[in-house]
Amino acid sequence: MARLSYMRIKYLFFSWLAVFIGSWVIYVRYNSYTELCRGHECKASICDKYRKGIIDGSACEGLCSKETIYFGKCLSTKPNNQMYLGIWGNLEGVIKCQMEDALHLDFGTELEPRKEIVLFDKPTRGTTVQKFKEMVHNLFNTKLGDQGNLRELVNLILAAADGNKDGHVSLPEAKSAWALLQLNEFLLMVILQDKEHTPKLLGFCGDLYITERVPYTSLYGISLPWIFEIFVPQGLRKRMDQWFTPSWPRKAKIVIGLLEFVEDIFHGPYGNFLMCDTSAKNFGYNDKYDLKVVDMRSIVPEMHLKDTIKDRPCEVDSDCIYGTDCSTVCDQRKCTADVSQPNLAKICLLVKDYLLRGSPSEIREELEKQIYSCIALKAVTKNMEMQHSLILNNLKALLWKKISHTNDS
């Protein structure tokens with residue numbers, strides 16, 4: 001009887017312990033969700049400004065009046081960068097909105113905080129179209145440097161800002177466009193609007209914007225329920241990510257698209273852009289295994305990054321990191337301006353295991369050699385641009401030659 005009583009007490013203890021731990025995990029998860037997922041607040045703020053006539057855009061009517069834009073699953077990873085799956089009529093998209101409570105710049109995490117103090121206050125009433133063009137041109141000159149064709153880019157922006165396509169940009173539309181131009185992703189979307197690897201911009205309202213939805217939203221890996229994510233060891237998680245990938249020819253096609261995207265942003269028509277977060281979650285693909293960039297918020301103009309990080313006080317090199325992947329050197333207690341590693345080297349490091357796993361034996365040795373040569377690229381070496389182009393083209397040619405005769409090409 002005494003042993004039976006002991007077993008009951010032991011059973012009750014572990015039962016209550018399991019209930020306590022489970023309740024605590026659910027509570028923490030709920031708090032995290034409510035902090036991260038605040039789309040209703042974002043919509044309310046945007047629609048309030050729309051109804052007051054402060055802002056306007058192609059998505060405002062559907063969002064605030066007709067309510068044909070619906071917020072679906074929350075994808076947010078940071079409280080001040082809201083991201084949701086959404087539906088606009090018969091279109092599936094991703095809704096992105098900047099929250100109002102981020103008033104600082106944290107170099108380690110946030111790249112594009114929203115500054116409510118000055119948001120939607122420009123251009124002011126009475127500003128002419130010509131004056132607005134000059135404002136946009138000066139902003140581009142600061143962000144991108146003195147590029148010779150900035151006026152063409154200004155015209156692209158004005159065409160995008162004309163949300164109702166009536167041939168002219170109203171003051172509320174101009175206020176929305178100006179707020180959006182502070183965001184690297186929106187600027188890059190306009191610049192790369194004709195490139196196949198960039199999700200299309202579907203519409204905007206204020207600094208809320210909707211982009212094309214990408215069917216597969218990570219370069220590799222499997223999405224696990226959050227309760228399993230907590231308990232799966234990191235090493236096992238990485239191995240699992242490599243197990244759940246497409247066939248090798250399809251992976252090769254996706255990587256070719258990724259290399260083409262690196263070409264698009266490397267010394268393009270409006271300057272060089274740097275990838276400051278090259279994690280797999282920022283790249284996806286469609287049903288035809290064409291690469292699509294899922295999130296471009298961490299891709300920044302090189303000129304803007306240099307101006308931001310140059311002469312920043314530092315003690316060690318780790319103090320000179322922008323985002324997660326753009327690092328410079330700490331020299332005499334100040335950060336230097338030039339990044340240490342080019343985009344291509346970071347991408348090759350990302351796809352190394354992804355591409356080598358399951359690769360055909362006849363090209364594996366050459367493929368491995370080219371990938372490691374790519375990873376070894378440095379941004380500040382002599383003839384870097386020539387080496388960059390040579391390695392990129394050789395890698396593309398090797399992959400394309402192997403899959404060009406297959407259905408996956």
Side-chain angles (χ1 to χ4, degrees), residues 38-69 71 80-84 86 88-89 91 93-102 112-140 142-143 153-193 199-212 296-297:
R38 299 161 63 188
H40 61 288
E41 296 178 31
C42 206
K43 178 182 176 181
S45 174
I46 289 293
C47 288
D48 178 63
K49 293 177 175 63
Y50 168 65
R51 294 186 183 106
K52 290 177 179 177
I54 298 173
I55 59 174
D56 200 358
S58 55
C60 288
E61 189 175 9
L63 183 70
C64 306
S65 301
K66 295 182 177 180
E67 295 193 353
T68 54
I69 296 176
F71 285 69
N80 60 336
N81 284 323
Q82 293 295 294
M83 186 159 64
Y84 282 78
W88 186 2
L91 296 175
V94 177
I95 302 170
K96 299 182 180 182
C97 181
Q98 319 307 307
M99 290 300 293
E100 301 177 357
D101 54 359
E112 298 174 339
R114 172 174 177 164
K115 299 176 182 176
E116 185 67 16
I117 296 172
V118 297
L119 192 61
F120 303 133
D121 68 337
K122 293 180 181 180
T124 56
R125 187 173 298 278
T127 302
T128 63
V129 173
Q130 186 58 39
K131 179 63 177 176
F132 182 58
K133 284 185 175 182
E134 291 177 10
M135 288 173 57
V136 175
H137 187 277
N138 291 337
L139 176 67
F140 289 162
T142 301
K143 276 196 167 191
L153 182 55
V154 171
N155 291 331
L156 285 177
I157 293 298
L158 262 66
D162 183 12
N164 57 8
K165 304 303 177 187
D166 62 354
H168 73 276
V169 179
S170 66
L171 181 61
E173 287 174 336
K175 286 179 180 288
S176 292
W178 183 258
L180 286 166
L181 286 175
Q182 313 309 310
L183 307 176
N184 298 321
E185 183 171 54
F186 180 82
L187 175 59
L188 200 55
M189 276 187 172
V190 175
I191 290 175
L192 302 177
Q193 61 181 332
K200 303 303 178 189
L201 179 68
L202 302 181
F204 66 91
C205 183
D207 63 348
L208 177 149
Y209 57 105
I210 306 172
T211 67
E212 170 191 12
M296 297 194 294
R297 286 177 295 183

J.: Let me see the working for V129 and V169 under side-chain contact (heavy atoms from CB on, under 4.5 Å), right down to the final yes or no.
T.: CA-CA 8 Å; V129 173; V169 179; 5.7 Å; no
J.: Would you sort out whether L158 and V154 count as a side-chain contact (heavy atoms from CB on, under 4.5 Å), showing the intermediate values?
T.: CA-CA 6 Å; L158 262 66; V154 171; 4.1 Å; yes
J.: Output the distance between atom NZ (K122) and atom CG (L181), rounded to the nearest 0.5 Å.
T.: 12.5 Å
J.: Give, for atom CD1 of I95 and atom CH2 of W88, the distance between the pair rounded to the nearest 0.5 Å.
T.: 10.0 Å
J.: Does the side chain of D207 reach to within under 4.5 Å of the side chain of F186, using non-hydrogen atoms?
T.: no
J.: Return the NZ to CZ distance between K43 and F71, rounded to the nearest 0.5 Å.
T.: 6.5 Å
J.: Do you know the tightest heavy-atom contact between G206 and I55?
T.: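 Taking every non-hydrogen atom into account, CA-CD1, 3.6 Å.
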J.: Sequence neighbours excluded, which residues qualify as side-chain hydrogen bond (donor to acceptor under 3.5 Å, both in side chains) partners of D48?
T.: K52
J.: Quick one: does Q82's side chain have a donor or acceptor within less than 3.5 Å of a partner on C97's backbone?
T.: no
J.: Can you tell me if K131 has over 12 outside heavy atoms packed within less than 6.0 Å of its NZ?
T.: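 No, the 6.0 Å shell around NZ holds no more than 12 heavy atoms from other groups.
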J.: Quick check: closest heavy atoms across L63 and I69, and the distance to 0.1 Å?
T.: N-CD1, 3.7 Å
J.: How far does CG of N155 sit from NZ of K133, to the nearest 0.5 angstrom?
T.: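 Atom-to-atom, N155:CG and K133:NZ are 5.0 Å apart.
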J.: To the nearest 0.5 Å, how far apart are CG in L183 and CG in L188?
T.: 12.0 Å
J.: Could you give the distance from CG (L180) to NZ (K96), rounded to the nearest 0.5 Å?
T.: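 Going from CG on L180 over to NZ on K96, the span is 12.5 Å.
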J.: Holding to side chain to side chain contact (heavy atoms under 4.5 Å, CB included), I want the full list of residues that pass it with C64, two or more places apart in sequence or in another chain.
T.: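 Testing C64 for side chain to side chain contact (heavy atoms under 4.5 Å, CB included), a comparison that skips the adjacent residues, returns C47, Y50, R51.
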J.: Quick one: does S176's side chain have a donor or acceptor within less than 3.5 Å of a partner on D56's backbone?
T.: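 Side chain of S176 to backbone of D56, a donor-acceptor pair under 3.5 Å: yes, one is there.
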J.: Do you know which two heavy atoms are closest between A59 and C205, and how far apart they sit?
T.: C-CB, 4.2 Å
J.: For L171, give me all partners under side chain to side chain contact (heavy atoms under 4.5 Å, CB included), at least two apart in sequence or on another chain.
T.: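 Only P123, R125, K175 meet the side chain to side chain contact (heavy atoms under 4.5 Å, CB included) criterion with L171.
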J.: If only atom types and distance count, is the side chain of E185 paired as donor or acceptor with the main-chain N or O of M296 below 3.5 Å?
T.: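 Present.
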J.: Side chains of L139 and Q182, heavy atoms from C-beta outward: is any pair under 4.5 Å?
T.: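 In short, these two side chains touch, coming nearer than 4.5 Å.
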J.: Could you go through E173 and F204, starting from their C-alpha distance and side-chain angles, then the distance that decides it, and tell me whether this counts as side-chain contact (heavy atoms from CB on, under 4.5 Å)?
T.: CA-CA 10 Å; E173 287 174 336; F204 66 91; 5.5 Å; no
J.: Test K143 against N184 for side-chain contact (heavy atoms from CB on, under 4.5 Å), laying out the working first.
T.: CA-CA 10 Å; K143 276 196 167 191; N184 298 321; 3.7 Å; yes
J.: Output yes when a side-chain donor or acceptor of T127 lies under 3.5 Å from a complementary backbone atom of T124, and no otherwise.
T.: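 A pair under 3.5 Å: yes.
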J.: For Y84 versus R38, what's the shortest heavy-atom pair and its separation?
T.: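 Heavy-atom minimum between the residues: OH-N, 3.3 Å.
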J.: Can you name the nearest heavy-atom pair linking A174 to F132, along with the distance?
T.: O-CZ, 3.7 Å
J.: Test your reading of the model: is there a side-chain donor-acceptor pair from K165 to the backbone of A159, 3.5 Å cut-off?
T.: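 Yes, because the side chain of K165 sits within donor-acceptor range (under 3.5 Å) of the backbone of A159.
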J.: Mind checking whether D166 and D162 have side chains closer than 4.5 Å, heavy atoms only?
T.: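 A side-chain contact under 4.5 Å exists here.
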J.: Which pair of non-hydrogen atoms, one from G53 and one from P172, has the smallest distance, and what is that distance?
T.: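 Heavy atoms only, the tightest pair is O-CG, 3.4 Å.
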